[in-house]
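Note that the coordinates shown come from a computational prediction; the quantities given were computed from them, not determined experimentally. Computation of the quantities below employed the complete heavy-atom set of this structure, encompassing side-chain atoms and omitting hydrogens, waters and symmetry-equivalent molecules. Per chain, numbering begins at 1; letters A, B, ... match sequence-line order.
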Amino acid sequence: MTTLFGLCDCNNFYASCERVFDPSLNGKPVVVLSNNDGCVIARSNEAKALGIQMGDPFFKIRNLVEHKHLHAFSSNYVLYGDMSDRVMQTLSLFTPNVEVYSIDECFLDLGNFYDVNLFNYAWEIKRTVTRWTGIPVSLGIAPTKALAKVANKLAKKSAKANGVLVLTEPYHIEKALEATKIEDVWGVGRQYAKFLKNHHINTALDFTNASENWIRKHMTVVGVRLHKELRGESCLELDEVAPPKKGICTSRSFGKKLTTFEDILEATASYAAKCAKKLRNQKSCAKLVTVFVQTNPFSENDRQYYNSKTICMPVATNSDIELIHYATLSLKAIFKPHYWYKKSGVIVTEIVPETQIQFDLLDTVDRDKHNSLMKVMDGLTDRFGRSKVHVAAQGISKSWLLKSDYKSPCYTTRLEDMPTVFI
DNA sequence: TCTGGGGTCCTAGGACCC
DNA sequence: TCTGGGGTCCTAGGACCC
């Protein structure tokens, strides 16, 4: 069977989302910042042209806001998630089999489309997505996922391709591999790129010409899979249904350095509640909860500390109340006074479906009561917005809150102005 | 002053068992 | 004191992705 994959990805996705709702930003340099307005995580083409790099700390480029009319936005994930759904829904009209690979990327199974004019079809997809959602996209089509990635990258880079590239002819595939630097290949990160270049493998084409045994020896079976994929042998299938997550993590840097147990507990309790909500969304429970804390590694004058503690809970749970309880115990075990803390996080693992929980004979928790309480809380959250109802440990001072000074309005959602309720 | 967050997969090595 | 092979499970660490 001959395989054929499309990879559609949104150009400069977060920056494009901000533009959809404020067209006056078109043609101007735009960046979107990470949580806490820490560093740059998305750039419009104009921002790239100013020399701004992915991951640049915002404080180092802040001067460009004034001097180069740079527009900077705090990240607004609710908006981006919503726009992502619209793009994915539009794409799924063009083939029944799609894999949402990330918030801004989607693989399309085009295995049944060999007899249509792929070039025209690709353009139809691109035009429709842009017309219906306002988000510009690029589309690469090729016989394997890794080659579709190559095609997508060139589609974006080449002025001639202008956002669409179909790679089905061996000659075109070879030319594309030759034009792709090894560090730009999907699955080749910084370490492998350095290693491969030391062995005179500078392009994707060089990589396909290396021996499989040599690659297995130095890059494990993952490298071998990539080798096959780039040579046109499809090894990676389309994963239409996302498998349930094996671990869920919520962690943030604080808006400022914290030192008291109470402040850090408030933040950590909130992260525990977020993990519980993520678990409920995927209808599962977790048995292990890990809490970590750390100081700011960039503050060279501060004494540094990192520690984590994992607790195995008696029964797997997805209740805010229980997770906060055990997260608190974990935090108590690792918290040390007189440090300036910058970040904490909660990780839940050993995740099982809600319906397959091992109960404990000595369990004293009224689980039915917890479950119905969580249902009520989720219902209120859905109606009135996030953080309107929560467990008291999450506190009201919120001195740990993230900085988010440049956030755009919630264009696609509306949060009612309701008072916060504690339980 | 100010440097993100959330994931996956693979391997090597140690502990332990028969 | 010396001697073997094979299996499983767990963990830490390293690589990668967006």
Side-chain angles (χ1 to χ4, degrees), chain A residues 7-14 31-42 52-63 65 72-77 80-81 84 99-107 145-146 149 152-153 182-196 215-226 235-236 239 242-257 267 271 274-275 278-279 282 288 290 292 294-302 308 310 312 340 342-351 402-406:
Chain A
L7 176 64
C8 184
D9 89 328
C10 303
N11 302 344
N12 314 327
F13 183 53
Y14 298 166
V31 294
V32 175
L33 306 172
S34 62
N35 275 326
N36 249 341
D37 297 338
C39 55
V40 173
I41 55 170
I52 299 171
Q53 301 293 315
M54 202 71 167
D56 273 356
F58 182 48
F59 70 89
K60 285 190 178 164
I61 57 158
R62 193 188 302 251
N63 60 316
V65 173
F73 292 89
S74 304
S75 39
N76 185 345
Y77 290 105
Y80 310 149
S84 174
E99 172 189 341
V100 178
Y101 179 68
S102 74
I103 193 162
D104 69 337
E105 279 181 54
C106 184
F107 282 106
K145 280 181 157 184
K149 274 271 188 183
N152 178 282
K153 201 141 214 157
I182 192 65
E183 62 267 34
D184 290 338
V185 172
W186 186 39
V188 176
R190 258 218 294 279
Q191 301 303 319
Y192 281 140
K194 200 168 132 197
F195 171 80
L196 290 168
I215 289 173
R216 185 187 310 275
K217 188 170 158 205
H218 294 106
M219 297 177 71
T220 80
V221 295
V222 182
V224 172
R225 207 155 52 205
L226 177 63
C235 306
L236 301 168
D239 296 320
K245 293 199 193 322
K246 295 173 180 171
I248 289 173
C249 173
T250 304
S251 78
R252 299 278 187 283
S253 297
F254 309 134
K256 59 180 185 187
K257 290 191 275 190
Y271 306 156
K274 276 203 166 64
C275 284
K278 291 178 190 173
L279 284 168
Q282 66 166 40
L288 299 183
T290 302
F292 68 85
Q294 72 179 65
T295 49
N296 185 353
F298 293 102
S299 295
E300 286 174 9
N301 295 329
D302 292 351
S308 73
T310 301
C312 180
W340 289 106
K342 184 60 183 168
K343 184 177 182 178
S344 77
V346 176
I347 306 163
V348 292
T349 46
E350 290 212 358
I351 292 173
L402 309 172
K403 272 192 298 191
S404 189
D405 294 339
Y406 313 98

>> Using whole Å, what does the distance between atom C1' of nucleotide C/dC16 and atom CG of A/Leu196 come to?
In response: 13 Å
> Is there a side-chain contact between A/Leu288 and A/Cys312, using heavy atoms and a 4.5 Å cut-off?
Replying inline: yes
>> Output the rounded distance in Å from CD (A/Gln191) to P (C/dC17).
In response: 11 Å
> With a 4.0 Å cut-off on heavy atoms, is A/Asp104 in touch with a base, just the backbone sugar-phosphate, or nothing at all?
Replying inline: sugar-phosphate
>> Need one value for A/Lys194: base, sugar-phosphate or nothing, where a base atom within 4.0 Å counts as base even if backbone is also close, heavy atoms only.
In response: nothing
>> So, does A/Lys343 get its side chain near the phosphate of B/dG5, meaning an N or O under 4.0 Å from OP1 or OP2?
In response: yes
>> Need the bend value for the helix from B/dG5-C/dC18 to B/dC18-C/dG5: angle between end axes, 5 pairs each end, nearest 10°.
In response: 10°
> Does A/Asn36 put a side-chain nitrogen or oxygen below 4.0 Å from OP1 or OP2 of B/dC2?
Replying inline: no
>> Taking 4.0 Å as the cut-off, does a side-chain nitrogen or oxygen of A/Ser102 come that near to OP1 or OP2 on C/dC17?
In response: no
>> Counting only heavy atoms not in A/Lys278 (residues, nucleotides, ligands), do more than 12 fall under 6.0 Å from its NZ?
In response: yes
>> Nearest 0.5 angstrom please: A/Tyr101 OH to A/Cys106 SG, how far?
In response: 12.5 Å
> For A/Phe254 and B/dC2, what is the distance between atoms CZ and P respectively, to the nearest whole Å?
Replying inline: 14 Å
> Please give, in whole Å, the distance from C/dC17 P to A/Tyr101 OH?
Replying inline: 8 Å
> Hey, does A/Gln282 have a side-chain heavy atom less than 4.5 Å from the side chain of A/Ile248?
Replying inline: yes
> Would a 4.5 Å heavy-atom cut-off, applied to side chains only, mark A/Ser75 and A/Asn35 as touching?
Replying inline: yes
> Which parts of nucleotides 6-15 of chain B does protein reach within less than 4.0 Å, heavy atoms only, written one letter per nucleotide 5' to 3' as B for base, S for sugar-phosphate only and - for none?
Replying inline: SSSSSS----
> For A/Val100, which contact category applies under a 4.0 Å heavy-atom criterion: base, sugar-phosphate, or nothing?
Replying inline: nothing
> In whole angstrom, what separates A/Met54's CE from C/dC17's P?
Replying inline: 13 Å
>> Does A/Asn296 reach a base, just sugar-phosphate, or nothing at all? Heavy atoms under 4.0 Å.
In response: sugar-phosphate
> Separation of A/Asp9 atom CG from C/dC17 atom P, in whole Å?
Replying inline: 14 Å
> Relative to the ring of A/Tyr406, is the ring of A/Phe58 parallel (under 30°), tilted (30 to 60°) or perpendicular (over 60°)?
Replying inline: perpendicular
> B/dC2 P sits how many Å from A/Lys257 NZ, rounded?
Replying inline: 6 Å
>> If the condition is ring-ring contact (aromatic ring centres under 6.0 Å, His included), which residues does A/Trp340 pass it with, not counting sequence neighbours?
In response: none
>> As a quick check of understanding, evaluate side-chain contact (heavy atoms from CB on, under 4.5 Å) for A/Glu105 and A/Leu7, giving each step before the final call.
In response: CA-CA 7 Å; A/Glu105 279 181 54; A/Leu7 176 64; 3.9 Å; yes
> At under 4.0 Å between heavy atoms, what does A/Phe298 touch on the DNA or RNA strands: base, sugar-phosphate, or nothing?
Replying inline: base
>> Using a strict threshold of under 4.0 Å (side-chain N to carboxylate O), is an ion pair present between A/Lys342 and A/Asp302?
In response: no
> For A/Asn11 and C/dC18, what is the distance between atoms CG and C1' respectively, to the nearest whole Å?
Replying inline: 15 Å
> So, is A/Lys145 near the phosphate of C/dC17, with a side-chain N or O under 4.0 Å from OP1 or OP2?
Replying inline: no
> Between CD1 of A/Ile215 and CZ of A/Arg225, what distance do you get to the nearest 0.5 Å?
Replying inline: 13.5 Å
>> Does B/dC2 have OP1 or OP2 under 4.0 Å away from a side-chain N or O of A/Lys342?
In response: no
